[in-house]
Each structure stands twice: as structure tokens, then as C-alpha cells.
Amino acid sequence: MRIDVDPALTDPTAVYRLLTATVVPRPIAWVSTRSADGTDNLAPHSFFTIASVAPPVVQFTSVGRKDSLRNVEETGEFVVNLAPEGLFEQINATATNFPRGTSEFDACGVEREPGHRVKVPRVAASPVALECELHSTLRIGDSTVVFGRVVHVAVDEAYLTDGHPEITRMRPLARLGKNEWGTLGDVRELARVPYPA
């Protein structure tokens, strides 16, 4: 027997919990930004995906008006750092609701490295960093979708096989429901079935 839920008649927090426990696993955009006054910010966002390849555009969603969103609006730049399993505790720590003006890099002991095309720092220990310039934003209800044009990609060569990022080396984390996180687990390979010509 199924339980029916009408989002229009349900508490938004309950809807949020239902959606985030159902739409899983979700990749994490570990977004670094810099405020107009020069404070570096770092926060994980699990509403994240690719929006376009030509041009290369990625997107993340800020639920509410978080510092990541404010900083991107102020400076027009951000970096999406891959969130690997080995940095699990630091990634989680950067989700703390620090007061505005606090740098999560400093508060959580995350080492920076300078961006190549943007002024925003990257996470030094992240295997892949996508440097982005703001493309546009889209406000939907209490959330804002941020689209960033990827202007530079930095990949640690230790994570490459034949010039391609190797998933079993990167070991990205994913968000699940509640306080649950997912690790890579088994990797299965299966080619697409071509339609007979």
C-alpha cells in the first residue's frame, strides 16, 4: 500500500526530507567563493549537476540566501571542488552555519590554492576543480539556481588514467537523506545498446 503526499498540503520541511531521501545519491559541489571584502567561503551543496556542455556550464542550488550565493552575486566567480571521500570530515564541517565573515577554509583547516582564471581559491587537496564565471541565476521559490560557465578545469594527474579522471581514484562522496552520506561502492560498466540500423 502506498502513502499519498500532496506537497501543497504538507509542511515544507517534510517535503524537503522526502525529496532529499528519494533523489539519491546526489553529487556534492564543494563551492568556494570570495566575498567582495575578500573573505573566502567554502560550503557543500548537494543540489548540483551539469547544465550544458557547449558551452560548459554547471549548476548548484542555494536553498535560501547562503553566503555562497551572496558572494557569487557580488563577484561573479566561484569554484566547484570535487568532494572526495578522504576529506569527508572537513566537507561536513564546512556545512556549519558559521556567521557571515567567517572563512570556512580557516575555521575547518582546509588548505587553499590560488585559482588559475578566477580570484577565488580552490581546495588544494581536491582532485578536480571547476573554475566558473557566473552565467546566470534563476530564483525558484525559496531557492536560487546558480549557473556557472566553466572557464578552467584543474585535475590532479594522480587521478587520471589515459588522460581521463578515474572514478575509483577520485572516490567522490554523495549526499543521501537525513544525515546520510554515500561512498562510491561498486562500479559497474555496461555499454549502451545501439538501435539496429
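Side-chain contact check for Leu42 versus Asn81: some heavy-atom pair is nearer than 4.5 Å. Pro27 is not listed as a side-chain neighbour of Leu82, based on a closest heavy-atom distance of 4.5 Å or more.
Atom CZ of Phe147 and atom CG of Leu134 lie 10.5 Å apart (nearest 0.5 Å). Atom CD of Glu73 sits about 12.0 Å away from atom CZ of Phe78, to the nearest 0.5 Å. Remark: Cys108 SG to Phe98 CZ distance equals 4.0 Å, nearest 0.5 Å. Note: Asp11 CG to Arg17 CZ = 8.0 Å, rounded to the nearest 0.5 Å. Expressed to the nearest 0.5 Å, how far CD of Glu89 lies from CG of Leu87 amounts to 10.5 Å.
The heavy-atom pair separating Pro25 from Ala174 by the smallest distance is CB-CB, 3.5 Å. Smallest separation of non-hydrogen atoms from Pro55 and Arg149: CB-CZ, 3.5 Å. Summarising the geometry of Thr39 relative to Gly101, their closest heavy-atom pair is CG2-O, 3.5 Å, with the distance given to 0.1 Å. Smallest separation of non-hydrogen atoms from Cys132 and Val118: O-CG1, 3.7 Å.
Taking hydrophobic clusters as Ile, Leu, Val, Met, Phe, Trp and Tyr residues chained together by side-chain heavy-atom distances below 4.5 Å, Trp30 shares a cluster with Leu173. Hydrophobic clustering places Phe48 together with Leu69 (ILVMFWY residues linked when any side-chain heavy atoms are closer than 4.5 Å, directly or through intermediates). In the hydrophobic clustering of this structure, Val15 does not group with Val24; members are Ile, Leu, Val, Met, Phe, Trp, Tyr whose side-chain heavy atoms approach within less than 4.5 Å, directly or through other members. Cluster annotation: Val128 is connected to Val58 through the hydrophobic network of ILVMFWY side chains, with a link wherever side-chain heavy atoms come within less than 4.5 Å. By the rule that hydrophobic residues join a cluster once side-chain heavy atoms approach within less than 4.5 Å of another member, Leu130 and Val155 end up as members of one cluster.
Evaluation of the side chain to side chain donor-acceptor pair (under 3.5 Å) test over residues 52-64, restricted to residues two or more places apart or in two chains, returns none. Contacts classified as ring-ring contact (aromatic ring centres under 6.0 Å, His included) and involving residues 116-142 (residues at least two apart or in different chains) are given here: His116-His152. A salt bridge (Lys or Arg N to Asp or Glu O under 4.0 Å) check over residues 23-43, counting only residues at least two apart or in different chains, returns the pairs Arg34-Asp40, Asp40-Arg112.
Counted within 6.0 Å of CZ on Arg100, heavy atoms from surrounding residues, nucleotides or ligands total more than 12; the atom is thus considered enclosed. Counting non-hydrogen atoms of other residues, nucleotides and ligands closer than 6.0 Å to CD1 of Ile50 gives a total of 12 or fewer. Taking a 6.0 Å sphere around CD of Glu111, one finds it holds 12 or fewer heavy atoms contributed by other residues, nucleotides or ligands. The 12-atom threshold is not exceeded at CG of Asn97, counting heavy atoms of other residues, nucleotides or ligands nearer than 6.0 Å.
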Verdict with supporting geometry, Ser68 and Asn41, side chain to side chain contact (heavy atoms under 4.5 Å, CB included): CA-CA 7 Å; Ser68 300; Asn41 182 268; 3.5 Å; yes

Pair Thr94-Phe105, side chain to side chain contact (heavy atoms under 4.5 Å, CB included): steps then yes or no: CA-CA 8 Å; Thr94 61; Phe105 280 96; over 6 Å; no

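The side chain to side chain donor-acceptor pair (under 3.5 Å) test applied to Glu180 returns no partner, not counting sequence neighbours. Considering only residues two or more places apart in sequence or on other chains, Thr20 meets the side chain to side chain donor-acceptor pair (under 3.5 Å) condition with none of them.
No donor-acceptor pair under 3.5 Å is formed between the side chain of Asn71 and the backbone N or O of Thr33. The main-chain N or O of Arg65 is found under 3.5 Å from a side-chain atom of Arg70 such that the two form a donor-acceptor pair. Using modelled atom types, no side-chain atom of Glu85 and backbone atom of Thr183 make a donor-acceptor pair closer than 3.5 Å.
Between Phe88 and Trp181, the ring-plane angle classifies as perpendicular under the 30° and 60° cut-offs.
Using a 4.0 Å cut-off between charged nitrogen and carboxylate oxygen, Arg122 and Glu113 count as a salt-bridge pair. Here Glu77 does not pair with Lys119 in a salt bridge; the nearest charged N to carboxylate O distance is not below 4.0 Å. Salt bridge Lys66/Glu104: absent, no basic N to carboxylate O contact under 4.0 Å.
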Quiz: residues 156-164 side-chain donor-acceptor pairs under 3.5 angstrom, not counting sequence neighbours:
| from | atom 1 | to | atom 2 | distance (Å) |
| --- | --- | --- | --- | --- |
| Asp156 | OD1 | Ala158 | N | 2.9 |

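A donor-acceptor contact closer than 3.5 angstrom is absent between the side chains of Asp67 and Ser35.
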